[in-house]
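Worksheet: one structure, shown below.
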Amino acid sequence: SVTYNTLIDGLCKEGQIDIALSLFDSMKKKRCKPDELTYTVLINGVCKEGKLQQACELFNELIEMGISPGTLVYTALVDGHCKCGKIDVALGLMNQMVENGCEPNLYTYNALINGLCKENRVLEADNVFGKMLGEGLAPSLVTYTTLVDGLCRAGAMDLAFKVLDKMVKQGCSPNVYTYSALIHGLCREGRLEEAEMFIGEMKEKGLQPNRVTYTSLMDGNVKSGRVDHAFDLLSKMINEGCQPN
RNA sequence: GGUAACAAAAGCCAU
């Protein structure tokens, strides 16, 4: 089964879903019983093609096989629905999994928070985040960065800063993506000096702002009529060995 | 034991 799962997963990740499915068929004809992982990687694969219907069929098949669905396969299904914008179905699946005695974990919550953020339902995302904390789950860098990015895009900078604050208090260090999201959000509101302060903070922490970080800040300056300063930033980034594109 | 589910940003152009 490990052998088959490995190959099926590889094919799915290459986008060769049809070949993966036929390998899955031959697996079933042999003595190798598909397990939860087999269904997880397949569901993951078909969801990436937008075939949610097929994902649900696979899930039903797993149940018919007498396998009890665990967090892994539920998370794949929740994430798949989120990525296709079917957040409300995903929320329903979450409830269903809890009813079946299966606890959502960090990955499940992250998938849901991401889905809500990408649909601009950031307040709900923040609520899910709160719920996750309430259950004693420790958010990860993925959780924080996803949420900060979503909040910044939605223009909810105040909330974004609250999350950032929690993040550092938990001893989780923001990365270049986290900072870039904040800088972008601040620039969009014309808060250029604050945005630039974060560049300084990044360097203090040994994080090198990259091309995206700088371009974002330069664009903010340009849009606020500070083209001169945008050029200052350009020299600065070049001096730091960061090539413009 | 070995396979496994979660985020990833800017600008420009086109639609």
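Throughout, a chain's letter reflects where its sequence line sits, starting with A, and its residues are numbered from 1.
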Between [X] ([atom1]) and [N] ([atom2]), how many Å, whole number?
X	N	atom1	atom2	result
A/Asn5	B/A4	CG	P	9 Å
A/Met218	B/A9	CE	C1'	17 Å
A/Asn110	B/A8	CG	P	11 Å
A/Leu116	B/A7	CG	P	14 Å
A/Lys13	B/A5	NZ	C1'	9 Å
A/Leu147	B/C6	CG	C1'	14 Å
A/Glu103	B/A5	CD	P	21 Å

* Scan A/Ser216 against the nucleic acid and name what it touches under 4.0 Å (heavy atoms): base, sugar-phosphate only, or nothing. =>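 Sugar-phosphate contact only - A/Ser216 comes under 4.0 Å of backbone atoms but never of a base.
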* May I ask you to say what A/Ser180 touches in the nucleic acid, namely base, sugar-phosphate or nothing, with a heavy-atom cut-off under 4.0 Å? =>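 Touches a base.
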* A/Lys236 with A/Asp232: basic N within carboxylate O range, under 4.0 Å ->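 So A/Lys236 does not pair with A/Asp232 through a salt bridge.
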If you check every side-chain atom of [X], which of [options] has the closest atom?
X	options	result
A/Asp219	B/U3, B/G11, B/C6	B/G11
A/Leu72	B/A10, B/A5, B/A7	B/A5
A/Lys83	B/C6, B/A9, B/A5	B/C6
A/Ala111	B/C6, B/A5, B/U3	B/C6
A/Val142	B/A4, B/A7, B/A10	B/A7
A/Thr6	B/U3, B/C12, B/A9	B/U3
A/Asn245	B/A4, B/A9, B/A10	B/A10

* Are any side-chain N or O atoms of A/Ser140 and backbone N or O atoms of A/Val142, one a donor and one an acceptor, separated by less than 3.5 Å? ->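 Checked: pair present.
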* **A/Arg188 side-chain N/O to A/Arg153 backbone N/O, donor-acceptor pair under 3.5 Å** =>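 Looks like yes, one N/O pair under 3.5 Å.
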* To do: Please state whether the base of B/A10 and the side chain of A/Asn210 form at least one donor-acceptor pair under 3.5 Å?
  =>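 No, the side chain and the base share no sub-3.5 Å donor-acceptor pair.
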* Establish whether the base of B/A9 is bridged to the side chain of A/Asn175 by a donor-acceptor pair shorter than 3.5 Å. =>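 It does not, because no donor-acceptor pair links the side chain of A/Asn175 to the base of B/A9 below 3.5 Å.
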Does [N] have OP1 or OP2 sitting under 4.0 Å from an N or O in the side chain of [X]?
X	N	answer
A/Lys223	B/A10	no
A/Arg188	B/A9	no
A/Lys118	B/A7	no

* To do: Please answer: with hydrophobic residues joined when any side-chain heavy atoms are less than 4.5 Å apart, are A/Leu182 and A/Leu159 in the same cluster?
  =>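 Yes, A/Leu182 connects to A/Leu159 through the hydrophobic network.
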* **A/Tyr74/A/Phe59 under ring-ring contact (aromatic ring centres under 6.0 Å, His included): CA gap, chis, key distance, verdict** => CA-CA 9 Å; A/Tyr74 265 116; A/Phe59 184 75; 5.2 Å; yes
